[in-house]
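Here the structure is a predicted model, which is why all the values come from computation and not from measurement.
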Amino acid sequence: MTEPRRLRGHKATATCCIASRDRSGVVATAGEDGCICLFDMRCKDVQHIAEVAQEPISSLSFKPGNEDIMYVSCGNAVKCFDLHNMASPWTPFKSYTYNNEEINQISCNSKANFLASTDDGGDVKIIDIRQHCLYKTLRSGHSSICSSVQFIPWRSWEVITGGLDSKLVMWDFSKGRPVKIVDFGLPDIKNGSNGAQCLNPAFVHAIAVPDVDMLDKSDKICVVARGDGIVDVINIESELAVIRSKTSAKARKGSSSTSKDGVPAAGTGTLDENARKRLHLDYSVGGHAAAVSCVTFSLFGEKGKLIISGGNDKSVKVWDCSKYDDAVQTGGNSDVLRLNINLSKKVNWLCTTPTDSENLVVCDTTKVVKVYSVA
């Protein structure tokens, strides 16, 4: 691996990054300095630096279909900016302050009519960004910090969240209730107990769901970055099929079930009980030796073929998603790891660009963003 390109512009640690899908090579980064930096990989230096907050920025999102609009979370607010109007000071044309506590991640759905924001109180706010109003608050799914959120593109009214209670929750946000809860804190009987990875809790630090145009390469999966160093690959449709079959069976028996949080039929259970099509990528197959902080899919080459994860072990792993079905069927994960990149610092966030080179952008615990080329 050659030396990475270095992007300079932040005065403090870079916290997150996003890449444009419509403008090849355009990348936005944000940092603890409250600034957003816009880069064009065709140019040597940063194109724009805008101070948008007096506190760290936790998350960024372009508006799908109109990437001139960018959503920025800082503190308990989501701010909306127009990239066509970057005069100093760069002021938002709209702000949403529905979250009561600090926001950890924001995400737009593919139709660009809803935005989800997760916070330290465990709440998930679904905001109608066309009508500019709060659509729904999702509660009772998480008992601790809700760290991450992604919409399911092929299911118009469903969203997935992850939290520091070690839970992954699939929601029907139109009804405001969970349809499936995966608790990584429960015993994993099927995959055994890896002592070295049980020292850290299986907190969910980040999740990734493929876009619709990636499904022929990635399948309908959710990738989970866990605090115990494991990258979990879960087939969403298989998980929901288990719930549907259990619900119909209970209906025939005239029984019902309730989770410990009082949520009816939310489908919790041991991982062995529900692990129909799950892939565990841990240190035994070359995975991370410390908490995984972020995951994403490749926008370059065959979209969605690769999963990229970054961790507190100062490494980035590139996994071949196209081998998912073979690995699940054979029980062997050894061919899934494609590339390992050793870094000098822990990884905060990463993203990919749809270009053949300079296509992996990494925010580590420094103010300098690194860009790698993955073939």
Q) Which one of Ile221, Asp211, Ile308 satisfies the side chain to side chain contact (heavy atoms under 4.5 Å, CB included) criterion with Phe297? A) Ile221
Salt bridge check: are [X] and [Y] linked by an N-O gap of less than 4.0 Å?
X      : Y      : value
Lys94  : Asp82  : no
Arg155 : Glu237 : yes
Asp232 : Arg278 : no

Under 4.5 Å between any side-chain heavy atoms of [X] and [Y], yes or no?
X      : Y      : result
Thr352 : Asn359 : no
Trp319 : Ser309 : yes
Val149 : Ser117 : no
Val295 : Val224 : no
Trp154 : Val209 : yes
Glu32  : Lys367 : no
Asp213 : Arg21  : yes
Arg226 : Val292 : no

Side chain of [X], backbone of [Y]: donor and acceptor closer than 3.5 Å?
X      : Y      : value
Thr15  : Ala30  : yes
Ser58  : Ile103 : yes
Ser293 : Asn312 : no

Q: Look up atom CG in Leu240 and atom NZ in Lys220, then write down how far apart they are to the nearest 0.5 Å.
A: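 The CG atom of Leu240 sits 10.5 Å away from the NZ atom of Lys220.
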Q) How many angstroms lie between CZ in Phe81 and NZ in Lys63, if you round to the nearest 0.5 Å? A)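 Answer rounded to 0.5 Å: 15.5 Å.
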Q | Intermediate values then yes/no, side chain to side chain donor-acceptor pair (under 3.5 Å), Asp172 and Ser174 | A | CA-CA 6 Å; Asp172 179 339; Ser174 67; 2.5 Å; yes
Tell me the closest heavy-atom pair linking [X] and [Y], and the distance in Å.
X      : Y      : result
Tyr283 : His288 : CB-O, 3.7 Å
Thr355 : Ser24  : CG2-OG, 2.9 Å
Asn342 : Ser315 : OD1-CB, 4.2 Å
Asn104 : Cys146 : ND2-O, 3.0 Å
Val231 : Val223 : CG1-CG1, 3.5 Å
Leu60  : Thr29  : CD1-C, 3.9 Å

**Q.** Partner of Phe114 by ring pair (Phe, Tyr, Trp, His ring centres under 6.0 Å), out of Tyr96, Tyr71, Trp157
**A.**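 It is Trp157; the other options fail the test.
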Q: May I ask you to check whether over 12 heavy atoms, not counting those of Arg6, lie within 6.0 Å of atom CZ?
A: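 Count over threshold, so yes.
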Q.
Which residue in the set Asn99, Asn76, Asp119, Thr137 passes side-chain hydrogen bond (donor to acceptor under 3.5 Å, both in side chains) when paired with Lys125?
A. Thr137
Q. Mind checking whether Tyr135 and Phe173 have parallel, tilted or perpendicular rings, split at 30° and 60°?
A. perpendicular
